Amino acid sequence: MPKITLPDGSTREYENPVTVIEVAESIGPGLAKAALAGRVDGELVDSSTVISSDADLAIITERDSDGLAVIRHSCAHLMAQAVQRLFPKAQVTIGPVVEDGFFYDFAFSRAFTPEDLQAIEKVMGEIVKENLTVERSVMSRDEAVAMFTEMGEDYKVQIIESIPGDEDLSFYRQGEFIDLCRGPHVPATSSFKAFKLTSVAGAYWRGDASNEMLQRIHGTAWGSKKDLKLFLQRLEEAEKRDHRKLGRHLDLFHFQEEAPGMAFWHPKGWSIYQSVQRYMREVQDKNNYKEINTPQLVDYSLWEKSGHASKFADEMFSVESENRMYAIKPMNCPCHIQVFNQGLKSYRDLPLRLAEFGSCHRYEPSGSMHGLMRVRSFVQDDGHIFCTEEQIQAEVADFMTLLFAVYKDFGFDEVILRLSTRPEKRVGSDEVWDKSEQSLKDALNATGLPWELVPGEGAFYGPKIECSLKDCMGRVQQCGTIQVDFSTPGRLGAQYVAEDSSKQEPVMLHRAVLGSFERFIGILIEHYAGDMPAWLAPEQALILNITDKQNDYCRNFEESLKNKGFRVSTDLRNEKIGFKIREHTLQKIPYLLVVGDKEVENGTVAVRKRGGEDLGAMTFHEFCTLLNQDVASFGRGA
RNA sequence: GCUCGCAUAGCUCAGGCGGUAGAGCACUUCAUUGGUAAUGAAGAGGUCCUCGGUUCAACUCCGAGUGUGAGCACCA
């Protein structure tokens, strides 16, 4: 006689075991119709699940984020069924839910075309109309293997064989289609209201490049047609923020065939770059980093000693000159150790924080390059902290504080934090790994923000924290990082004299706040959709005349603002004011200063903000105050 | 690197059963001195990514290369 407690705290008693859907029916027919699944004592289940003892129950509908996940997961099955109706020889593999949608990977003799996608979508619609019931069943591993072998679904057989233990497996059937699945799923194929197949691309079986390539079809599914439309609009808006597009329109940088993966920075883009660099230099100074600069070309032997040559030789650019092999530096750490190694270091010198805006080159795989986000030539805001084991924790904590302060100035409040811990192949004792992982964990916990643990993904020399931001299409881009390294200092002979006059190896912390200037600026452009805040804007204000009678006044005003250190220019062309306003608004200049006879007479400028807001007439002094305040606020809260 | 797609004027894009191409914006010139998102007119601008092949003829068809897009793999 189960007693069901609903989310609002009310309870209902039933004579006999009931299903989720029966409970929904007893509450109301509308809810029963909308029910997609249930959550029983916190666990997601099918709406057909029988509840036989007292339980907490929530009815899941499309309004629930879990409900949306159920729809999407079921939609992946729907798509697989449609694919197999159209292409009986296509084998199914896996079809999980991803952000905003789902995908399913198929093994098929050829790639699917956009026309195929349309056909698949059409068949999906037909299956929805057929209103097939989705039924759960349970089978033993052996039965399942036999069934899929019989069906010729080799990939499913592999999946089942790789599931450990001999627990029973659950399956979902709708019409002629059956798939191995944990569920839960929607009760019937009529549950789908809005879906769309978005793209097709190759993907390796089991994510391993040595395996064959499958065909991955991506789709999206929503609780209503309206939500689907909103999503598609959101995608369109996001595309407009693409830094590659804005980089061209705003004349910031370009790429060309002769230098793949290497940006040509134009005056305006370089201005942003320089502003970011000036800012970082100041931050580093304030935080007791010593800035250095090291060679671009270093004899190959150093990379052999550091261990990078053996691991990354294919990704390093090398140069031969006078029978000597050099590598263009792919990273700065070995060079920083060379600086550390000059002169005898004492424990009193630690922690020693060296920083460099270090230009690096890496031969990134062609398919991995992406605008400014992943390039072959980039500059890191690199830094290495040489310290003792005891100092790790405080240094990591300080770094995280610094990083958040910087991100805040750039207008980023949402940072994705991840901790990558010891990989299988590693150097250093477990004790040391315990300690360094713990230091990083403590630092992460101290931020008070959620973070994700990624076991086994650390570098071979130590664990790391990665701080990522999202680009306009929701792709996660790693920016800041801090990594503990117990290995490289030793390999390259770094030592300091301890209190007991013994020689000790320092611990090295690799750290970067922005990561690379290129990627970070790419992220910034997308974050602001090109509307750079005043402190970063290449041109902070532009003075516009109405007629050429005001030219001298405009030039004098420009000169005075430049003397105050502002980035200003004039547009005195013989064009109508509306035309010039439009043009410079499209160029996203923060302030447009209009000067006509009225302003000349009163010694003012008419200030128009980027968004179109009219701030009225201002004197030189008033405008300076305004711009100074704007610049001083950085990008906080923008 | 892998799968699939794409490459035409500075930019955004049309176009053609194989007979060397067009629009809008930008650019140049002229007129216009106009108060907050496009003044009008005229002009100039292209080895249709590169190299091979097929063909009387290739920007168009085929192949290779390069770059690029989406996804996968990689990311010290």
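Sequence lines set the chain letters: A, B, ... in the order given, protein chains first and strands last, and positions in each chain run from 1. Just so it is clear, the structure is predicted and the values come from calculations on it, not from any experiment.
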### Message
Under 6.0 Å between ring centres: does that hold for F112(A) and F87(A)?
### Response
yes

### Task
Could you tell me which nucleotide pairs with rA41(B) by Watson-Crick or G-U wobble geometry, both distances under 3.5 Å, or answer none if nothing does?
rU29(B)

### Message
Applying a 4.0 Å non-hydrogen cut-off, can you work out what G207(A) is touching in the nucleic acid: base, sugar-phosphate, or nothing?
### Response
sugar-phosphate

### Query
For the residue pair F102(A) and Y104(A), is the inter-centroid distance of their aromatic rings smaller than 6.0 Å?
no

#### Entry: Side-chain donor/acceptor of Y204(A) to base of rG1(B), under 3.5 Å
yes

### Task
Under 4.0 Å between any heavy atoms, over every strand shown, what does I577(A) touch: base, sugar-phosphate, or nothing? Just pick one.
sugar-phosphate

### Message
With a 4.0 Å limit, can you tell me whether R475(A) has a side-chain N or O closer than that to the phosphate oxygens OP1/OP2 of rA70(B)?
### Response
yes

### Message
Is R248(A) close enough to rU12(B) that one of its side-chain N or O atoms is under 4.0 Å from OP1 or OP2 there?
### Response
yes

### Task
May I ask you to evaluate whether R608(A) reaches the phosphate of rA37(B), defined as a side-chain N or O under 4.0 Å from OP1 or OP2?
yes

### Message
It should be established whether H370(A) places a side-chain nitrogen or oxygen under 4.0 Å from OP1 or OP2 of nucleotide rA70(B).
### Response
yes

### Query
Does a side-chain N or O from S366(A) land closer than 4.0 Å to OP1 or OP2 of rG1(B), or not?
yes

#### Entry: Residue H249(A), side-chain heavy atoms: nucleotide from rU12(B), rG35(B), rA37(B) that is nearest
rU12(B)

### Message
Whether the side chain of D548(A) and the base of rU33(B) hold a donor-acceptor pair under 3.5 Å is what I'd like checked.
### Response
yes

### Query
Do we see F579(A) stacking on the base of rA38(B), given a limit of 5.5 Å between centres and 30° between planes?
no

### Summary
Taking a pair to mean Watson-Crick or G-U wobble geometry with both distances below 3.5 Å, rC2(B) pairs with rG71(B)

### Task
Assess the side chains of D105(A) and Y155(A): does a donor N or O sit below 3.5 Å from an acceptor N or O?
no

#### Entry: base_contact_polar (rG34(B) base, N574(A) side chain, donor-acceptor, <3.5 Å)
yes

### Message
For rA76(B) and K464(A) - does any side-chain N or O of the residue sit under 4.0 Å from the phosphate oxygens OP1/OP2?
### Response
yes

### Query
Under 4.0 angstrom, heavy atoms only, what part of the nucleic acid is N545(A) near: base, sugar-phosphate, or nothing?
nothing

### Task
Name the nucleic acid region contacted by Q215(A), choosing base, sugar-phosphate or nothing; use a 4.0 angstrom heavy-atom cut-off, strictly under.
sugar-phosphate

### Query
Can you find a donor-acceptor N/O pair under 3.5 angstrom joining the side chain of R362(A) to the base of rC75(B)?
no

### Query
Just checking L592(A): base, sugar-phosphate only, or nothing, at a heavy-atom cut-off of under 4.0 Å?
nothing

### Message
From the set rC11(B), rA76(B), rG35(B), return the single nucleotide nearest to any side-chain atom of P330(A).
### Response
rA76(B)

### Message
If you go through the side-chain atoms of E599(A), does one of them form a donor-acceptor pair with the base of rG35(B) closer than 3.5 Å?
### Response
yes

### Under 4.0 angstrom between R244(A) side-chain N/O and rA70(B) OP1 or OP2
yes

#### Entry: Listed partners of E452(A) passing salt bridge (charged side-chain N to carboxylate O under 4.0 Å, His left out), at least two apart
none

### side-chain hydrogen bond (donor to acceptor under 3.5 Å, both in side chains) evaluation trace for E526(A) with Q477(A)
CA-CA 12 Å; E526(A) 298 193 352; Q477(A) 305 284 350; over 6 Å; no

### Query
Just checking K549(A): base, sugar-phosphate only, or nothing, at a heavy-atom cut-off of under 4.0 Å?
nothing

### Task
Whole angstrom is fine here: how far is it from CZ in F112(A) over to C1' in rG71(B)?
15 Å

### Query
Contact class for P260(A) vs. all strands (heavy atom < 4.0 Å): base, sugar-phosphate, or nothing?
sugar-phosphate

### Query
Hey, does the side chain of R206(A) come within less than 4.0 Å of rA73(B)'s phosphate (OP1/OP2), counting only N and O?
no

### Task
Mind calculating the distance between CG (L593(A)) and P (rU36(B)) to the nearest angstrom?
16 Å

### Task
Output yes when a side-chain donor or acceptor of D485(A) lies under 3.5 Å from a complementary backbone atom of M508(A), and no otherwise.
no

### Message
Between rC74(B) and R374(A), counting only base atoms on the nucleotide and side-chain atoms on the residue, is there a donor-acceptor pair under 3.5 Å?
### Response
yes

